2 protein chains.
Amino acid sequence: MEKSIKRRTTMNRMQVTGLELFYKNGYYNTSVDDILKELSLSKGAFYYHFDSKEDFFIQIIEQLVVRKIYSMLIEPIEGHEHTLDLITNCFENALETAVHNELDYGFVLSNFIGEFNGRNPEVMKHLNEILRIWEVTLVSAVQRGKFNGHIDRHVDAEGVAVYLMSSFIGIRTLMVETAPSARKYRFMSQLRQYFKSIEVKQSSF
Amino acid sequence: MEKSIKRRTTMNRMQVTGLELFYKNGYYNTSVDDILKELSLSKGAFYYHFDSKEDFFIQIIEQLVVRKIYSMLIEPIEGHEHTLDLITNCFENALETAVHNELDYGFVLSNFIGEFNGRNPEVMKHLNEILRIWEVTLVSAVQRGKFNGHIDRHVDAEGVAVYLMSSFIGIRTLMVETAPSARKYRFMSQLRQYFKSIEVKQSSF
DNA sequence: GAATTAACCGACCATTGGGTCAGTTAATAG
DNA sequence: CTATTAACTGACCCAATGGTCGGTTAATTC
């Protein structure tokens, strides 16, 4: 019976609140006390469960962020036919949560990359790992599309993946402050436009 | 003789070093002392010239960041003909500095947006202002292209602008850690692909 | 060359933040 | 019922940080 229910519950409460605050205020701008105050818990409780603030954060990434990103950005793309439709829907859904100002894991990702890049290699290792998996997923999705005859066979799958990741990360940054809904709509239109340009032309005669 | 030479020189030195460190370590993770140590100057000197750390930062944005972004991302686009070529070249150049790990103002921008969003409205005001100008520049560039007959007249200029900004901000984030040169190359290829899809088809008969 | 002032020094202050630890409480085992 | 242990408390430590202020130095002015 490794790790009792109570222990797990408390750790999870801390992680959930921690992620919320880290997302809102940034890692370096959120103190352990801030999180504890929110939960009416003490310093002792925190350091009983976690080794350090950094250890705490890495566990948040592994427990919460990775899983959520998997279910939002990875799994939905691992379907079979009509790759580009899958990706379109996936982005559509992921951005919709952003419109409603929910805790959005796509942005959490690019946010944290910005904050830790060049400062904390340990944390970056974990964030890069997520990016890598996302990239691999997209690349093989595109290759599948080429194989299935939906995507032009001259298309560079790696290129498409990088372009998709870029635009997604970027639109998430842009949606944070100004007119998220309008920007989402415009973004999705252009994404479809771009997709049309790499599709196999059905009737070009 | 408002603001003597000496004053200006010292302030500028502080700002340049400040931006460097803010870029490298983030705003909240860079102390005033860090900057001062670099320059062998004292606390007194700093608070003689600036009201606060925040005031200091805002002046950096206005003096250094805004101007640099103007010259890198705004002015090069304000040419006349062949809009899409202008934008392509502009992005190409801007990303090239990133490859060489130079202090890159495009990324500075998205970096700081991530750090200040929802935390410091005063600073965000300035950052959003830059984004707004960039957006306006891109929108009118596209409209010019439509007018000149280089861009398909059905194209949504605002949409293209948002899409371009997104992808640029995103690729800058992605280029920071992994294979910047390869990613830049792939990105530019896909950008050209996308541009082809909104160009006026020269010979569609 | 005395007076004024711009530019700068560095000791000091209050607060914050990560982390420690001796001790308390509550559940569980024997 | 007692002993043990898991879970948690909160006072304390210490280094760092933004900011203050009285004082010094060097350039300018008269």
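Just so we're on the same page: letters track the sequence lines, and every chain starts at 1. Note that the structure is predicted; figures quoted are calculated from it, not measured.
Look at A/R183 and B/E135 and you find a salt bridge, because one of the NZ, NE, NH1 or NH2 atoms lies within 4.0 Å of a carboxylate O, short of that distance. A salt bridge between A/E62 and A/R67 is absent, with no side-chain N of the basic residue lying under 4.0 Å from a carboxylate O of the acidic one.
Note on B/H49: every side-chain N or O is 4.0 Å or more away from OP1 and OP2 of C/dA6. The shortest distance between the side-chain N/O atoms of A/T10 and the OP1/OP2 oxygens of D/dA7 is not below 4.0 Å. In terms of phosphate contacts, A/Y48 brings no side-chain nitrogen or oxygen within less than 4.0 Å of OP1 or OP2 of D/dC8. A close approach under 4.0 Å does occur between a side-chain nitrogen or oxygen of A/Y47 and OP1 or OP2 of C/dG19.
A/D33 has its CG atom 7 Å from the P atom of C/dG18, to the nearest Å. In this structure, CD1 of B/I35 is placed 17 Å from P of D/dA16, rounded to the nearest angstrom. One atom, CZ of A/F56, and another, C1' of C/dG19, lie 15 Å apart when rounded to the nearest Å. Taking atom OH on A/Y28 and atom P on C/dG18, their separation rounds to 11 Å, with Å as the unit. Atom CG in B/L21 sits roughly 12 Å away from atom P in D/dG18 (whole-Å rounding). We find that NZ of B/K53 is positioned 19 Å from P of C/dT15, with the value rounded to whole Å. Rounded to a whole Å, the CZ atom of B/R7 is 16 Å from the C1' atom of D/dA27. Rounded to whole angstrom, the span from the CZ atom of B/F50 across to the P atom of D/dT20 amounts to 15 Å.
The residue among B/K6 and B/D34 whose nearest nucleotide of DNA chain D lies closer to the 5′ end is B/D34. If you find the closest nucleotide of DNA chain C to A/S31 and to A/G44, the one lying nearer the 5' end belongs to A/S31.
Comparing D/dT9, D/dA7, C/dC9 against the side chain of B/S42 picks out C/dC9 as the nearest. Among the nucleotides D/dC8, D/dG18, C/dC8, the one closest to any side-chain atom of A/L41 is D/dC8.
The cationic atom of A/K53 (NZ for Lys, CZ for Arg) does not lie both less than 6.0 Å from the six-membered ring centre of A/Y47 and within 45° of the ring axis.
Looking at A/T97, its side chain never comes within 3.5 Å of a backbone N or O of A/N93 through a donor-acceptor pair.
Residue A/T30 is in sugar-phosphate contact alone, with no base atom involved, counting any heavy-atom pair closer than 4.0 Å across all strands shown.
Considering only residues two or more places apart in sequence or on other chains, B/E115 meets the side chain to side chain donor-acceptor pair (under 3.5 Å) condition with none of them.
Donor-acceptor pairing under 3.5 Å, judged by distance alone, is present between the side chain of A/K43 and the base of C/dG18.
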